[in-house]
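Read through the structure below, which is laid out as structure tokens, and then see the notes.
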Protein chains: 2
Amino acid sequence: MARTFVTAEEVAKRAGVSRSAVSRTFTPGASVSKAVRRKVLKAAGELGYRVNRLAQVLNNDRSNLIGVVGANLSSPFISKQLDLLSIGLLRQGKQCLLLNAADARQDIAPLIELLFEFRAQAIVVLSGEPPGSIVDECIANGVRLILINQRLDRTDTNMVLSDDSHGADLAALRLIKANCRKVAVVTSGSQTPAQLRRANAFTQRMQAEGVEVVAWSGGPTSYESGLQAGRELLADKAIDGAFCVTDLLALGFLDAARLEMNRRVPQDISILGFDDIPQAGWKSYELTTVAQSFESLTEKVLSALDSDDLETRLQVVPVTLVERQTAR
Amino acid sequence: MARTFVTAEEVAKRAGVSRSAVSRTFTPGASVSKAVRRKVLKAAGELGYRVNRLAQVLNNDRSNLIGVVGANLSSPFISKQLDLLSIGLLRQGKQCLLLNAADARQDIAPLIELLFEFRAQAIVVLSGEPPGSIVDECIANGVRLILINQRLDRTDTNMVLSDDSHGADLAALRLIKANCRKVAVVTSGSQTPAQLRRANAFTQRMQAEGVEVVAWSGGPTSYESGLQAGRELLADKAIDGAFCVTDLLALGFLDAARLEMNRRVPQDISILGFDDIPQAGWKSYELTTVAQSFESLTEKVLSALDSDDLETRLQVVPVTLVERQTAR
DNA sequence: TAATCAAATGATCACGTGTGCATTTTTCAG
DNA sequence: CTGAAAAATGCACACGTGATCATTTGATTA
């Protein structure tokens, strides 16, 4: 028990060849005769030999390890993202070193430093904002850094993000079309940059159109926070529209409106979300929402990882309004 | 650009000490004088030195890498599991190497072999059944294998699973209490062992009580499959109870019943689920369900990883019935 | 001060690979 | 059959670290 792994040396001895031959057998494009290759593969199979990738990296320096940092991994939005990303990475022959930031407010710098120690080739940040010093360090060490839905004010980092402000604009126009006179904009208490961009763009547009806007903010980015928002905001009978910057918030708000605050949706109030998580399409909700394309986001991230051009730094993915049943 | 990482050698040179001193500075419990440690830390800080964990592993053989294999990472159940697990691993100072099996039916053997190459200390399987040969290989190489909600017929593997049959029993008793006369049991087409255990235990109990049971199976484990099940099954007006072996299925079934097949829940039909995912508690559903304790499951896994006793192989975590509004 | 002992230090080895280099074997054309 | 080119092979080095060991430094006691 607790035996150690088989080494190339042992395989070589058993096959009656040099260790180099073993190494070459498992190195594509290397020069080995058929006969030797066969002997090596036979011995390797019998012993259960596996190349030690950690030792490989030592003189290869291509670790194929991609660090992924994120929080709230069980939220529908992030988990979908992680799902697609991890599938794509595997397809690219890369491995996914996952670090959970647990709390979204937690500083992710220590996690990224940990990834440095593992010589990660690149780091994908699903949520949380890396401090500038860390970004510098990534560049200094040749580690590619890719931020999702995070906009940093620098030109030396890869950023892939949905078109938040345009999405917020779509939401605003939709509520105007629904003839709303007084609308709520709901964000979570964590106030991520993406949420702020959406809320601000929305508010700006609505006010430009002369519609009164009430802002609400609180709690984590969750269904429960949306519920709470609905309970508090809908004490005001005048509110006839709401833009929740996240679907989770919107679904909670929707339930509060219909089931607790006695509103008919969309007759009495129009409710819009953002993200288009699977639950938004469930029959009990049929939420009208601004859809991010998870597939496009992931595709951009993967291509940024794969290609060697460091040109296209900022990639904005278009969003679309998905009409369902919660807007008049 | 694409500069390489700083090595201990360079730090030593800058600090005017030997490389050994650098190594010792970063090795807890090693013998270094205050003065040298200070010089080393200063130089390391200036150069941005990070220990190379991959090189460490080479003569340490404690990689601290834990392989995690799973499919459907964006499903509420699996993602919650992964969330808790990755947090716990980080807290234990271990790293999480995530491999996404994409399709639940996919053979996970190649993924586990890949983890061998990275010298993973242990492997946690969230979903999918590893072939026996792989299990043998894990043991031969001293890699601890931990299966979640997967019961293998061998005594040399760690298994952590919820008490499926008891849970199914709870569900059966609840439907009997609701005076159901003809009930449906819904599984997905993937028919995982866990799903089968639940369905079988349920069916057995119901039939023992003289209640007629109709089985339905199809599609992936998803909301949509539950919807489909509801549409097809509820053409039969006699069905007055349903046990869906997964909450996702149950929520789809519930929506089909109420919104498409014109049933009142729970007056006309009682619907039970299994898992207790967050959505089950949402106000629009209020699903009565058998709850798995995500926390307990994760805790067992983590302790199995941490401790060195290989005694307790099979750990069964109790389940509880959560009463909400979908059972009469 | 001298003797004893603990602490600190540097050189060296081991970990498991891939690869450059020199050498040997095989292939092929004349 | 011979000579040249090509392919295959083994040796040795490098990758970056932790640990062992002998040696040196510093502190403590008589």
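Everything numeric here is computed off the predicted structure, so don't read it as measured data. A, B, ... follow the sequence lines: proteins, then strands. Residue 1 opens every chain.
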Practice task
Check whether any side-chain N or O of N64(B) sits under 3.5 Å from a backbone N or O of Q95(B) as a donor-acceptor pair, and report yes or no.
Solution key: no
Practice task
Say whether, by atom type as modelled, one donor and one acceptor occur between the side chain of D107(A) and the main chain of A109(A) under 3.5 angstrom.
Solution key: yes
Taking any heavy-atom pair under 4.0 Å as a contact, classify [X]: base, sugar-phosphate, or nothing.
X: Y49(B); answer: sugar-phosphate
X: R24(A); answer: base
X: S23(B); answer: base
X: V57(A); answer: nothing

Handout entry: Residue mapping more 5' on DNA chain D - nearest nucleotide basis, V32(A) or R19(A)
Key = V32(A)
Exercise for the section: Could you say whether S31(A) or S20(A) is positioned toward the 5' end of DNA chain D, judged by the nucleotide with the nearest heavy atom to each? Expected result: S31(A)
Atom [atom1] of [X] to atom [atom2] of [N]: distance rounded to whole Å?
X: E117(A); N: dG16(D); atom1: CD; atom2: P; value: 15 Å
X: K34(B); N: dA7(C); atom1: NZ; atom2: C1'; value: 14 Å
X: R62(B); N: dC15(C); atom1: CZ; atom2: P; value: 18 Å
X: R37(B); N: dT9(C); atom1: CZ; atom2: C1'; value: 14 Å
X: N60(B); N: dT20(D); atom1: CG; atom2: P; value: 11 Å
X: R38(B); N: dA8(C); atom1: CZ; atom2: P; value: 14 Å
X: Q56(B); N: dG16(D); atom1: CD; atom2: C1'; value: 10 Å
X: E10(A); N: dC15(C); atom1: CD; atom2: C1'; value: 13 Å

To the side chain of [X], which of [options] is closest?
X: V17(A); options: dG10(D), dT17(D), dT17(C); result: dG10(D)
X: S33(B); options: dG10(C), dA8(C), dT17(D); result: dA8(C)
X: V36(B); options: dT17(D), dT9(C), dT17(C); result: dT9(C)
X: R119(B); options: dT17(C), dG18(D), dT9(D); result: dT17(C)
X: A55(A); options: dG16(D), dG10(C), dG16(C); result: dG16(C)

Practice task
Considering just the side-chain nitrogens and oxygens of T7(B), establish if one lies under 4.0 Å of OP1 or OP2 belonging to dC15(D).
Solution key: no
Handout entry: Salt bridge R91(B)-D306(B), side-chain N to carboxylate O under 4.0 Å
Key = no
Exercise for the section: Output yes when R14(A) and E10(A) qualify as a salt bridge under the 4.0 Å nitrogen-oxygen rule, no when they do not. Expected result: no
Exercise for the section: Check whether NZ of the Lys or CZ of the Arg R50(A) lies under 6.0 Å from the centre of the six-membered ring of F5(A) and within 45 degrees of that ring's axis. Expected result: no
Problem - Side-chain donor/acceptor contact of N52(A) with base of dT17(C) under 3.5 Å - result: no
Exercise for the section: Using heavy atoms to find the nearest nucleotide of DNA chain C for A8(A) and N59(B) separately, return the residue whose nucleotide is more 5′. Expected result: N59(B)
Practice task
Give the minimum heavy-atom separation between P130(A) and I108(A), together with the two atoms involved.
Solution key: N-CD1, 3.8 Å
